[in-house]
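One is the number of the first residue; the rest follow in order along the sequence. Every number for a ligand or one of its atoms is a count from 1 in the order of the listing.
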Amino acid sequence: MTILDGKKVSNDIKDEITEQVKKMKAKGEKVPHLAAVIVGNDGASLTYVGSKVRACERVGFESTMVRLSNTTSEIELLDKIEELNQNDDIDGFIIQLPLPPQINTQKVLMAVDPSKDVDGFHPENFGKMALDMSTFIPATPFGILELLDRYGVETKGKHTVVIGRSHIVGRPMSILMGRKGFPGNSTVTLTHSHTKNITQITSQADIIISALGVPNFLKAEMVKDDAVIIDVGITRVPDESSPKGYIITGDVDFENVSKKASYITPVPGGVGPMTIAMLLKNTLLAREQRM
Ligand code: NAP
C-alpha cells in the first residue's frame, strides 16, 4: 500500500512555483496577486483563508484578505467583487464559502470575472472544463488529478466511483475522471444520497473518490482489494483530548481500508494541502494569462 502524500507533493509544487516567481521577479515582472474575500467569522473558513494567505507568502505571491462583516448585504458584496474585477493589480480572487443566508451564492459566483476566477466556480469556466478546454479547474479536483498524475496511478479503463455530487468536488471530479486524457479515461459512476445499494457499487470500484463529509463512512467491506482510495472529507469531530477540542476526520475508515488499498490519501495530509497548492497554480496561470 502506498500513501498518496499530499503534504509532500504540495510542498514540491510550492517549491516549483517559488522558483517561477523568483524568475518573474528577476525579469522585473509583476508577481501574482491573489485576493480572498471572507464574509463573517466562521472558524473553519477563517482557518482556510489564513492557510491560503500564508501559502501565498511562502511562494512569493502578493495576497490581500478582504474581511466583511456577517451582516454584509448582497449588493455590498457584489460591489466589492466589481472592485476586484476592475483592480488591475489583482490577478485572481476567491470568495470563501459558505456565505451568510442573506446572500445568494450563485449570483455572487457569477459576478466574478471568469479570467480572475481561480476557484474555477464560474459557469463559463465550469463549462470550458466540461468541454476539455483550457481553463481554471476547481482546486480540489485539480489537486486530486495532480496527485494521481505524480504517483503514476493508472486511471485509463478503470471504474471510478465518486461519492458526493457537490459543484466544487464530486460533480467536477466525475467529469474530469471520464474525460479523454490522463488522468481520465475512466468509466465513472457518480453517487449521492439517493443512491441505492452503494456498497454494491463501491465494492466494484478500482478507484473511489469520497467527498460526502460523513466521518468514517467508507468501511473496509465496501472496498475491493487493491482499490485506490481518495478521501476528500474534512469533518471536525469533537475530541476533548485534542488541544483544539476537535480532530479532523475524513470519510474513510483509514485504519481498516488502508489494509486493502493499493493507494490511499490520509486525512489530514492528503487532498487538503493539494487544494491550496492548486489554488496557487491557478493564480500563477491567471497572472500568465494577463501578461
Ligand atoms: P457537500 O456540498 O457537503 O455535499 C455532500 C454530498 O455528499 C452531496 O452530494 C450528498 O448527496 C452526498 N451524500 C451525503 N450523504 C450521502 C450518503 N450517505 N451516501 C452517498 N452520498 C451522500 O459536499 P462538498 O462541499 O464536496 O464536501 C464534502 C466533504 O469534502 C466535506 O467534508 C468537506 O469539508 C470536504 N471538502 C474538502 C476539501 C479539501 O480540500 N480536502 C475541499 C472541499 C470540501 P445529495 O447531493 O443527494 O445531497
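- Scanning Gly272, Ser193, Gly270 for the heavy atom closest to atom 10 (C) of ligand 1 points to Ser193.
- Closest to atom 44 (C) of ligand 1, if we only count protein heavy atoms, is Val169 CG2, 4.0 Å.
- Put simply, the side chain of Thr249 reaches to within 4.5 Å of the side chain of Asn216, judged on heavy atoms.
- A salt bridge links Asp15 and Arg58; the closest N-O separation between the charged side-chain nitrogens and carboxylate oxygens is under 4.0 Å.
- Per-residue contacts place Thr275 under 4.0 angstrom from the following atoms of ligand 1 (heavy atoms of the residue considered): 39 (C), 40 (O).
- His33 and Asp91 share no side-chain donor-acceptor pair at under 3.5 Å.
- Regarding atom 6 (C) of ligand 1, its nearest protein heavy-atom neighbour is Gly164 CA, 3.7 Å.
- Residue Thr140 places a heavy atom less than 4.0 Å from ligand 1.
- Formation of a donor-acceptor pair under 3.5 Å by the Asp149 side chain with backbone atoms of Leu145 is not found in this model.
- Contact of the Ile168 side chain with the Pro138 side chain is not registered, since no non-hydrogen atoms from C-beta on lie closer than 4.5 Å.
- Annotation: side chain of Phe254 is not in contact with side chain of Asp231 (no heavy-atom distance under 4.5 Å).
- Nearest residue to atom 13 (N) of ligand 1 from Ile198, Leu212, Leu218 is Leu212 (criterion: closest heavy atom).
- For Ile163, every heavy-atom contact with ligand 1 shorter than 4.0 Å involves the side chain, none the backbone.
- Considering both main-chain and side-chain atoms, His194 never comes within under 3.5 Å of ligand 1 through any nitrogen or oxygen pair.
- Ranking the protein heavy atoms by distance from atom 46 (O) of ligand 1 puts Arg165 NE, 2.7 Å first.
- By the 4.5 Å heavy-atom criterion applied to side chains, Thr72 and Lys80 are not counted as neighbours.
- The shortest side-chain heavy-atom distance between Ile103 and Val108 falls under the 4.5 Å cut-off.
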Requested in this report: Tell me, with the steps shown, if Glu16 and Arg150 meet salt bridge (Lys or Arg N to Asp or Glu O under 4.0 Å).
Outcome: CA-CA 14 Å; Glu16 291 159 19; Arg150 294 204 183 208; 2.9 Å; yes

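- Listed here is the closest heavy atom pair of Val267 and Gly250: CG1-N, 3.6 Å.
- Protein heavy atom nearest atom 18 (N) of ligand 1, with residue, atom name and distance: Phe217 CE1, 3.5 Å.
- If you look at Thr191 next to ligand 1, there are no close heavy atoms at all, none under 4.0 Å.
- Of the protein's non-hydrogen atoms, Gly213 N, 3.6 Å is the one closest to atom 29 (C) of ligand 1.
- Assignment of Ala211 to the shell around ligand 1 is supported, since a heavy atom sits closer than 4.0 Å.
- Annotation: atom 30 (O) of ligand 1 to nearest protein heavy atom, Val232 O, 3.6 Å.
- Annotation: Ile234 places an N or O atom under 3.5 Å from an N or O atom of ligand 1; distance criterion only.
- For atom 27 (O) of ligand 1, the protein comes within 4.0 Å by no heavy atom at all.
- If you check which protein heavy atom lies closest to atom 1 (P) of ligand 1, you get Ser166 CB, 4.0 Å.
- Put simply, the side chain of Thr155 does not reach to within 4.5 Å of the side chain of Asp206, judged on heavy atoms.
- Nearest protein heavy-atom neighbour of atom 21 (N) of ligand 1: His192 C, 3.1 Å.
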